[in-house]
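Values below: every heavy atom of this structure, side chains too, minus hydrogens, waters and symmetry copies. Throughout, protein chains are lettered first and strands after them, A, B, ... in sequence-line order, and every chain is numbered starting at 1.
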Protein chains: 2
Amino acid sequence: MDVPEDRIKPAYDGAAGSATSREYEGEHMAQRRVTLADVARHAGLSTTAASWVLNEREDARLSEDARRRVLAAAQELGYRPNAAARSLRIRKTATIALISDTVATTRFAGGMIRGALSVARDREHVLLIAETQGDPELERHAIDAMLHRQVDGVVYAAMYSRRLTVPQRLLDTRTVLLNATSAHGLPAVLPAEEDAGYAVAAALLGQGHRRIAVLGRIESIERSPRRSLAAGLRMRGIRRALADRGLRLAVSEHTRDWEARDGHAGMTSLLERGSIPSAVICMNDRLAFGAYQAAADAGKAIPDDISIVSFDDDPIAEWLRPGLTTAALPHEEMGRLAVELLLDETAEPGTRWVPMPLRERGSIGQPAT
Amino acid sequence: MDVPEDRIKPAYDGAAGSATSREYEGEHMAQRRVTLADVARHAGLSTTAASWVLNEREDARLSEDARRRVLAAAQELGYRPNAAARSLRIRKTATIALISDTVATTRFAGGMIRGALSVARDREHVLLIAETQGDPELERHAIDAMLHRQVDGVVYAAMYSRRLTVPQRLLDTRTVLLNATSAHGLPAVLPAEEDAGYAVAAALLGQGHRRIAVLGRIESIERSPRRSLAAGLRMRGIRRALADRGLRLAVSEHTRDWEARDGHAGMTSLLERGSIPSAVICMNDRLAFGAYQAAADAGKAIPDDISIVSFDDDPIAEWLRPGLTTAALPHEEMGRLAVELLLDETAEPGTRWVPMPLRERGSIGQPAT
DNA sequence: ATCCTGTGATTAATCCTTTAAGCAAGGTCG
DNA sequence: CGACCTTGCTTAAAGGATTAATCACAGGAT
């Protein structure tokens, strides 16, 4: 391992690798890592004493002087505990696993990871990640790898919220579901989709809209919770908001899929109908994006001719002109909460619904008369 | 830190949690994990023998019968090695750290992680991740946490490619830079931005374009490699392609930042000039997105009135109409390569440039006459 | 009968921490 | 004065794997 000659010892760095102050012990060996025993020897105490000091055990009775000597020695030698030895002994690793189906294909994954990471960091834990890509074989492999390493807990995450079956082996470990539910009675974290549906519709109603359309893959909605929990819940919230005012959906425009092109097709067909709704609720931002395009093609102005609202808060929502008003998936908060639940031994089973804030931008206006 | 010949993946790894067949040993204690000693006892052999069998050591001379007994015992008891104990002894953890500045804010991060994950998995390693958010304090913390855990290596990643200073402590560990370079002579992985610049310009030239504009934060380009390496390199490639045909850039439109709104402003100003270029190279997809909007506002059709090319291959590139032709950042491949380099003991320092494939969609046409 | 060699195993040391148990000296209490 | 507690430490035993060193035995050569 070659080291450049311009090595400068950073001030904050206790000593790591700086052999300057280290005593040579006989042979001139390749830098052995500093162990607790080294620290103890340096401080003129037993390893037990050193361990007590460094772990700040209050029940241990040690002189203030001894305490200082140990601390000084550790500092000087640049001691860092060997995590493997420690875990072996105490049977904890301060490591948690985040196993998800997909991390890369959705742009939201990052938010969950970041939230999880931040809590993990605050609680002195680290995060191991693995991806199953929905493949049972890979999943088995990932779970194996994690359990071998005796992680203290597992966050089992789905990138699209849905109901899933938790592998048996995870049930023996502390597990929290992220963006998913199951029948196993585990703590779970989900976005408050139904409330968001209600809020989105309410925002429209509040502006005076009465002819409201929904654009999405309706066929699957309220049917297959294993594919997407979100769609059904959003829909239910929307219906409830309308019902509270004695209204019903004016139109449900069914799309084949959830992509921009589907939104384009759907919106085009909506605009070709006899009476155009004054507002359209798109079931996600990609559809909304396509809807924007279709509106432009048809010479309709947003929000003057037609209002649009949506769900997710994809980065493009901000780029669109006008900005897209949308209920944000609170991914970061969800990731955070999942790890908190995992680390909280007393957390009870059951689902936590994380609010989806409505990001108000310019796509909702008053209905054209 | 030399370690004997690389261990080979144990083949016994099947058993899973089939505790069903586990024998109770005396007390009815809370299920103790099965250890190697248990397996050995079950097979009527020493732990040494069991270890040899399970690790498939060829130099060990064991009878075929003993081998089978160990394997059977491991299988039956559902043995899985204790990673902590193993790491403690062999001084390897089969764990690699991915430390990045940001994982969540860019939608590309996922690709890198996924690539890293996939080769880590193939090589029987797991991935620890940490995020510094550019904060030196958090960075120190993250590096500490990783080194405590004696990771076998660190992938130090930047989410926007640039030149950075590697913390001293990392230089004592095996480190590979991902999407970054440094002056430390470490192996590094970067996208082949200059080639991409060349390819993008060449694609335009090939269609007959001669009046070509560039849209981007030109001020920073070729100046501050710490902010963005990409911009300067892309620019150089573009210039070279033009020079090869004896041409120069028709216009350089400077934007204030890299966002969609900047692209919109820049494109608008471009279109207001006296002689409009026949093609515009946007320095990234967000700018291109804004440029699309501006073109639409100005009543210019893409690609009939004006062609647009770009860099990155953001998901929106596909959603736009027409699809945006753009040079893709090969994030997944980069992540993959970084881990490969990390795990390849013999990998030499120096930068690996990963090709950026040009995704041809519909935004390049022939120049209007 | 003795020495040597190859085979098929075992014993014991080691990796580094944590922690239960014990010990020596000095002070307190009855 | 002896029993007993505190204080401030130390010793030694885990914890579960890998591995250097050793051993018992059978068979062949001398």
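Taking side-chain N and O atoms only, A/Arg91 has a distance below 4.0 Å to OP1 or OP2 of D/dG16. Listed pair A/Ser63 / D/dC9 meets the phosphate criterion, a side-chain N or O lying under 4.0 Å from OP1 or OP2.
Among the heavy atoms of the strands, none lies under 4.0 Å from A/Ala84. Among the heavy atoms of the strands, none lies under 4.0 Å from B/Ala83. When heavy atoms are screened at a 4.0 angstrom cut-off, A/Ser46 is found touching base atoms of the nucleic acid.
Side-chain atoms of B/Arg69 come within 3.5 Å of backbone N or O of B/Ala43 as a donor-acceptor pair. Remark: the backbone N or O of A/Ala49 is not paired with any side-chain donor or acceptor of A/Ser51 at under 3.5 angstrom. Proximity of a side-chain donor or acceptor of B/Thr102 to a complementary backbone N or O of B/Gln133 within less than 3.5 Å is not detected.
Following rounding to the nearest Å, B/Gln150 (CD) and C/dC15 (P) show an atom-to-atom distance of 14 Å. Distance, A/Arg41 CZ to C/dC16 C1': 12 Å, rounded to whole Å. The distance between atom NZ of A/Lys92 and atom P of D/dG15, rounded to the nearest whole Å, is 18 Å. Regarding B/Glu64, its CD atom lies at a distance of 15 Å from the P atom of C/dT7, rounded to whole Å. As a whole-Å value, the separation of A/Arg69 CZ from D/dG8 P is 13 Å. Rounded to an integer number of Å, the gap from CG of A/Leu62 to P of D/dT7 is 12 Å. A straight line from CZ of A/Arg67 to P of D/dT7 spans 17 Å, rounded to a whole angstrom. When the C1' atom of D/dT19 is taken as reference, atom CG of B/Leu88 falls 14 Å away, rounded to whole Å.
By the 4.0 Å N-to-carboxylate-O rule, A/Arg68 lies close enough to A/Glu64 to be salt-bridged with it.
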List every contact pair, protein side and nucleotides 17-21 of chain C side both N or O, where the distance is under 3.5 Å.
{"unit_1": "C/dT17", "atom_1": "OP1", "unit_2": "A/Tyr79", "atom_2": "OH", "d": "2.8"}
{"unit_1": "C/dT17", "atom_1": "OP1", "unit_2": "A/Asn82", "atom_2": "N", "d": "3.3"}
{"unit_1": "C/dT17", "atom_1": "OP2", "unit_2": "A/Leu36", "atom_2": "N", "d": "2.5"}
{"unit_1": "C/dT17", "atom_1": "O5'", "unit_2": "A/Tyr79", "atom_2": "OH", "d": "3.1"}
{"unit_1": "C/dT18", "atom_1": "OP1", "unit_2": "A/Asn55", "atom_2": "ND2", "d": "3.4"}
{"unit_1": "C/dT18", "atom_1": "OP1", "unit_2": "A/Arg86", "atom_2": "NE", "d": "2.6"}
{"unit_1": "C/dT18", "atom_1": "OP1", "unit_2": "A/Arg86", "atom_2": "NH2", "d": "3.4"}
{"unit_1": "C/dT18", "atom_1": "OP2", "unit_2": "A/Ser51", "atom_2": "OG", "d": "3.0"}
{"unit_1": "C/dT18", "atom_1": "OP2", "unit_2": "A/Asn55", "atom_2": "ND2", "d": "3.2"}
{"unit_1": "C/dT18", "atom_1": "O2", "unit_2": "A/Arg89", "atom_2": "NH1", "d": "2.1"}
{"unit_1": "C/dT19", "atom_1": "OP2", "unit_2": "A/Arg57", "atom_2": "NH1", "d": "3.1"}
{"unit_1": "C/dT19", "atom_1": "O4", "unit_2": "A/Thr48", "atom_2": "OG1", "d": "2.7"}

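Side-chain contact between A/Arg336 and A/Arg114 is absent, with no heavy-atom pair separated by less than 4.5 Å. Side-chain contact check for B/Leu342 versus B/Arg174: some heavy-atom pair is nearer than 4.5 Å.
Residues meeting the side-chain hydrogen bond (donor to acceptor under 3.5 Å, both in side chains) test with B/Asp101, sequence neighbours left out: B/Arg162.
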